[in-house]
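The structure under discussion appears below in the form of structure tokens.
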Amino acid sequence: MNVVRRKRLDALKVELGDRSYPIFIGENILTQSNIADYISGIQVMVVSNEPIAPLHLQALIDQLVDFQVDQVLLPDGEQFKTLASVELIFDQLLEKRHNRTSTLIALGGGVVGDMTGFAAACYQRGVNFIQIPTTLLSQVDSSVGGKTGVNHPLGKNMVGAFYQPQAVVADIGFFSTLAKREVAAGISEVVKYGLIYDADFFVWLENNMQAIVNLDSQAMTYAVRRSCEIKAQVVAEDETEQGIRAWLNLGHTFGHAIETHQGYGNWLHGEAVAAGTIMALDLSCRLGWISEELLERTKAMFKVAGLPVLPPENMTEDDFIQLMSVDKKVLEGKIRLVLIKELGRAIVTDDFDHALLKQTLAIAN
Ligand code: GLY
């Protein structure tokens with residue numbers, strides 16, 4: 001009998017007691033990750049989308065020979081991150097008679113991951129799921145930490161649940177088939193970790209940004225690993241975002257307003273977060289908390305990555321205020337923002353001069 005020996009992969013761990021789980025990170029590891037160890041029953045539903053499935057689905061299915069494997073392919077794009085798409089997953093689960101021991105596997109970017117996790121949280125009141133994120137953005141952010149859900153026409157990610165996966169497999173080999181624009185969109189979330197949590201990582205990113213853009217294997221592996229380490233630490237400390245986890249939303253209040261205003265899918269999430277991050281830094285600078293130099297250094301990195309550093313010109317101050325008022329961080333009608341106090345440390349606050357916020361909202365005009 002041929003015994004296939006697999007190399008033991010090192011894993012980071014998200015420490016959440018009996019809901020702890022590993023994150024495997026490396027190049028071309030999908031076939032080495034012992035994914036079957038994280039499946040408890042015999043039924044598996046792979047959820048992917050139309051562009052990703054032809055590239056990676058077969059490699060995954062080849063790992064699952066001992067299971068009943070079914071699949072559902074969702075339409076691609078943020079505009080399809082809806083309850084209607086989640087229903088397509090339920091339809092398949094019911095048609096193929098999946099029971100409570102079924103495991104859902106998300107193979108795709110953040111949209112697929114968020115919807116699969118949400119379907120797993122709801123199907124028969126909760127079944128297991130595994131994340132196999134295929135984009136940089138989903139590897140460093142959305143696949144880790146259990147935020148799942150869908151958009152509503154009136155606000156992004158407004159319907160969802162905290163629901164942790166059983167494992168995450170982040171294979172940076174997937175990036176060789178990723179559009180440059182998608183790689184860039186992930187870079188804004190990577191830079192975020194330096195800004196909010198780790199000044200040394202920020203400096204390392206400045207020195208290695210071109211290598212990351214060029215998909216250099218060593219640089220990319222370190223960038224993904226350090227981002228996931230920080231995310232795992234933050235999630236372990238504050239799973240349901242009562243405190244420090246909100247720092248991970250740097251640039252997101254501005255960014256979500258941009259995405260909603262432009263129409264989901266027109267600006268990629270990471271592009272809107274890049275412009276939103278510059279707006280958060282701009283306001284932090286106006287408040288006297290950080291230097292203009294830090295703002296310029298961040299803009300320089302985003303430019304190397306091909307990310308926008310200004311919001312869209314067609315958005316008015318009123319557009320921003322109206323859309324930012326439905327953010328989940330709003331408390332008692334007050335807009336709360338994640339701002340930077342110094343490189344490596346953020347703050348969530350509603351205590352800022354609104355005249356300065358207005359100046360920030362007008363930076364593109
Ligand atoms: N994407 C931010 C978080 O997971 O909390």
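One-based numbering, in listed order, for ligands and for the atoms of each.
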Does a donor on one side chain and an acceptor on the other come within less than 3.5 Å for His252 and Glu259? no
Going by atom types alone, do Asn99 and Thr101 pair a side-chain donor with an acceptor below 3.5 Å? yes
Protein contact to atom 4 (O) of ligand 1 [nearest heavy atom, distance to 0.1 Å]: Lys231 NZ, 2.5 Å
By number and element, which atoms of ligand 1 are closer than 4.0 Å to a non-hydrogen atom of [X]?
| X | result |
| --- | --- |
| Asp141 | 1 (N), 2 (C), 4 (O) |
| Asn249 | 2 (C) |
| Lys147 | 2 (C), 3 (C), 4 (O), 5 (O) |
| Leu248 | 2 (C), 3 (C), 5 (O) |

Nearest 0.5 Å, please: how far is NE2 in His269 from OG in Ser142? 7.5 Å
Could you say whether the N/O atoms of Lys192 and ligand 1 ever approach to under 3.5 Å? no
Decide whether an N or O pair under 3.5 Å exists between Arg245 and ligand 1. yes
Is there a side-chain contact between Phe118 and Ile89, using heavy atoms and a 4.5 Å cut-off? no
Member of Lys192, Arg226, Arg345 meeting the salt bridge (charged side-chain N to carboxylate O under 4.0 Å, His left out) criterion with Asp198: Arg226
Side-chain donor-acceptor distances from residues 71-78 under 3.5 Å, at least two apart:
from: Asp76; atom 1: OD1; to: Asn49; atom 2: ND2; distance (Å): 3.2
from: Glu78; atom 1: OE2; to: Asn151; atom 2: ND2; distance (Å): 2.8
from: Glu78; atom 1: OE2; to: Lys156; atom 2: NZ; distance (Å): 2.6

